[in-house]
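Working notes for the structure below.
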Amino acid sequence: MLVEYSSPNMARRMHVGHIRSTIIGQALANIMAALGYRVISDSHIGDWGKNFGILLTAIRHEGRPTGNDEAALAILEGLYARYNRLAEEEATIDQEARDWSLRLEQGDPEALDLWRWIVGLTLSVNAPLYTRLGVRFDTIHGESFFNDKMAPIVAEALKQGVATRTDGGAVVVTLPEQPTFLLQRSDGGTLYHTRDAATIAFREEEYRPTAIIYVVDGRQELHFRQLFALMRALGHAREIALVHVSFGVVIGPDGRPLAARRGNMVYLQALLNEAHTRARAIADASSPHLPEVEREAIAEAVGVGAVIYNDLHQDPRRTIALDWDQMLALQGNSAPYIQYMHARCRSILRRATLTDIGSGDPSLLTHPAETALLKALALMPNAVRAVGTRYTAAALAEWCYETARATATFYRDCPTLTAPTPEVRAARLRLVAAMAQGLASGLHLLGIAAPDQL
RNA sequence: ACCGCCGUAGCUCAGUGGACGAGAGCACCUGGCUACGAACCAGGGGGCCGCGUGUUCGAAUCACGCCGGCGGUACCA
């Protein structure tokens, strides 16, 4: 099974708009692997096309930014925004951008040189963010990778009569029940559909997957409907499930889209840092006895965990209005709550002796809080399987939270270390060990760390 | 205009293969640390589950229509 997610644009810093695909995709990849699929995670980076034409035009006019850090990337980002707007207003700039994107496709050395620099810069700036989020890719086959694989698809579509060439030279596809779309520009350049069609053909040949999962925002639903219909019409991917996991975009608190030029853009790094800072403040207040390095590590696990969980616990299709307090919530229905319950279980296990654990008799667990936990444990496989069939990690996030709540009640009503009898104590220890393992596994599958102590 | 998604408590959201008389978090009110860690727990107020019709023994959940919000609709991605 191949899972495509994150797929950031080049020459841009990752912002809250990218976080959803990244987080949802990684969780799905984790869970599909747990379900037994051999998962290939792929970031289909946007390193090709007309947007690069615009970038190259901008650099040609304004010069190449110095440095190889986030600051340089920010400058590129600004250049792109400005020239993208210019291209819409001035036909000469637009033409220049088209020319450059074509030169890039044709292997022009100058274009290639700048292209390599831009891609390298972007990937190196993004890398530490991925590390913090626990994200890793098996392959990064950007759109450029498919440059030489597109002509055959276009030819195939024409040959099969699925597509036709217009008088202007463009290749147009008309399928039943689908709006028509283009497979090739009139100047010979390729398009989004072309690249994605070539990508499917490649993946089909290369991996023979049972499914290809696209974790891409909902605005591209039509694109994928058309793409999948095209591939079916061509006779491709007959035995492959093609799935678009669609999610809603993140908008500003005012209900309007986030945009750099509107000044309300929130970058991923800033978001993670703020989450870390908030978690650190609470760690300092509630666990002053822990050494500095540990509190720092806990703050990272808790802060980043909160961000990840916030994205996973709700229906991905909803539009999310940016709300710092909600995204970074550290109480209630949040990752820290689940992490806390896990840590309390671990705390009990730390205080018990090893020989106590695993020898308990489960039939002694008859208190309502105990049976509730046993039921919760039994439901975990269902939750994981639901993710596999519904393609949403929310089912598992929900399980983690409900289970953590049941754990909290048990914690209050059923003392473990000071249980009434040694037999009950042993049984409860065994239960606590199971809960700790279940919660930790659930969190790990979601891509969230489960520290032994907060 | 057409297509898609969403519309559940003041706010943010769970719940839609059969399973109590509809749930959680935040906010508000009340109570609980001489600790298996209070990043917690217990309790309270607060809801024509957008509206209507239909299917069914039974509908927040399924079907159809309507209203509202958002998104998309060939040479950007």
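This is a predicted model, so every value here is computed, not measured. As a basis for the values below, the full set of heavy atoms in this structure was taken, side chains included, without hydrogen atoms, waters or symmetry mates. In what follows, chains carry the letters A, B, and so on, assigned in the order in which the sequence lines appear, proteins first and then strands, with residues in each chain numbered from 1.
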Within the structure shown, what part of the strands sits under 4.0 Å from [X] by heavy-atom distance: base, sugar-phosphate, or nothing?
X	result
A:Val249	nothing
A:Ile282	base
A:Tyr192	base
A:Leu175	nothing
A:Ala343	base
A:Gln339	nothing
A:Cys345	nothing
A:Arg12	nothing
A:Gln220	base
A:Asp315	sugar-phosphate
A:Thr418	nothing

Task: No-H, no-angle donor-acceptor pair, A:Thr319 side chain to B:G69 base, under 3.5 Å - done: no
Please state whether the phosphate of [N], meaning OP1 or OP2, lies under 4.0 angstrom from any side-chain nitrogen or oxygen of [X].
X	N	value
A:Arg318	B:G7	yes
A:Arg344	B:C40	no
A:Gln314	B:C13	yes
A:Arg317	B:G71	no
A:Arg98	B:C76	yes
A:Arg412	B:A38	no
A:Tyr337	B:C41	yes
A:Thr409	B:A42	yes

For atom [atom1], what is the distance between [N] and [M], given to the nearest Å?
N	M	atom1	value
B:A77	B:U73	C1'	15 Å
B:A59	B:U12	P	29 Å
B:G4	B:G18	P	25 Å
B:C36	B:A24	C1'	27 Å
B:G47	B:U8	P	15 Å
B:C51	B:G7	C1'	11 Å
B:U55	B:G65	C1'	15 Å
B:A1	B:U16	C1'	31 Å

Nearest of [options] to any side-chain atom of [X]?
X	options	answer
A:Arg390	B:C75, B:G37, B:U16	B:U16
A:Leu191	B:A24, B:C36, B:A77	B:A77
A:Arg351	B:C40, B:C3, B:G37	B:G37
A:Ala408	B:A39, B:C40, B:A74	B:C40
A:Arg405	B:G72, B:A24, B:A74	B:A24
A:Gln326	B:U12, B:G71, B:C40	B:U12

For [X] and [N], what is the distance between atoms [atom1] and [atom2] respectively, to the nearest whole Å?
X	N	atom1	atom2	value
A:Leu227	B:A77	CG	C1'	13 Å
A:Trp399	B:A14	CH2	P	20 Å
A:Gln453	B:A35	CD	C1'	15 Å
A:His244	B:G4	NE2	C1'	11 Å
A:Glu402	B:A14	CD	P	13 Å
A:Ile320	B:C6	CD1	P	14 Å
A:Lys375	B:C20	NZ	P	13 Å
A:Leu222	B:C5	CG	C1'	13 Å

Suppose we define a pair by two distances each less than 3.5 Å, Watson-Crick or G-U wobble; what does [N] pair with here?
N	result
B:G54	B:C62
B:C20	none
B:C2	B:G72
B:G47	none
B:G37	none

Open item on the list: Using a 6.0 Å distance limit plus a 45 degree cone around the ring axis, check whether A:Lys50 lies over the aromatic ring of A:Phe52.
Closed with: no
TODO: Validate the cation-pi geometry between A:Arg344 and A:Tyr411: distance from NZ or CZ to the six-membered ring centre under 6.0 Å, angle to the ring axis within 45°.
DONE: yes
- [ ] Specify whether A:His61 and A:Tyr83 have parallel, tilted or perpendicular ring planes, treating 30° as the upper limit for parallel and 60° as the lower limit for perpendicular.
- [x] tilted
- [ ] Look at the rings of A:Phe228 and A:Phe224 and say which category their plane angle falls in: under 30° parallel, 30 to 60° tilted, over 60° perpendicular.
- [x] tilted
Task: A:Thr22 (side chain) donor-acceptor with A:Ser6 (main chain) under 3.5 angstrom - done: no
TODO: Determine, answering yes or no, if A:Tyr411 is stacked on B:C36 under the 5.5 Å centre rule and the 30° plane rule.
DONE: yes
Open item on the list: If you assign A:His313 and A:Asp452 each to the RNA chain B nucleotide with the nearest heavy atom, which residue ends up on the more 5' nucleotide?
Closed with: A:His313
Open item on the list: Judged by each residue's nearest nucleotide on RNA chain B, which is more toward the 5′ side, A:Tyr401 or A:Ala321?
Closed with: A:Ala321
Task: Pair A:Arg428 + A:Glu423: basic N to acidic O under 4.0 Å - done: no
Open item on the list: Side chains of A:Gln331 and A:Tyr340: any donor to acceptor distance under 3.5 Å?
Closed with: no
- [ ] Verify the distance criterion only: is there a donor paired with an acceptor across the side chains of A:Arg278 and A:Asn273 at less than 3.5 Å?
- [x] no
Open item on the list: Exactly one of A:Phe202, A:Tyr192, A:Phe146 should register a ring-ring contact (aromatic ring centres under 6.0 Å, His included) with A:His44. Which one does?
Closed with: A:Phe146
TODO: Would you mind reporting whether A:Leu123 and A:Met10 have side-chain heavy atoms less than 4.5 Å apart?
DONE: yes
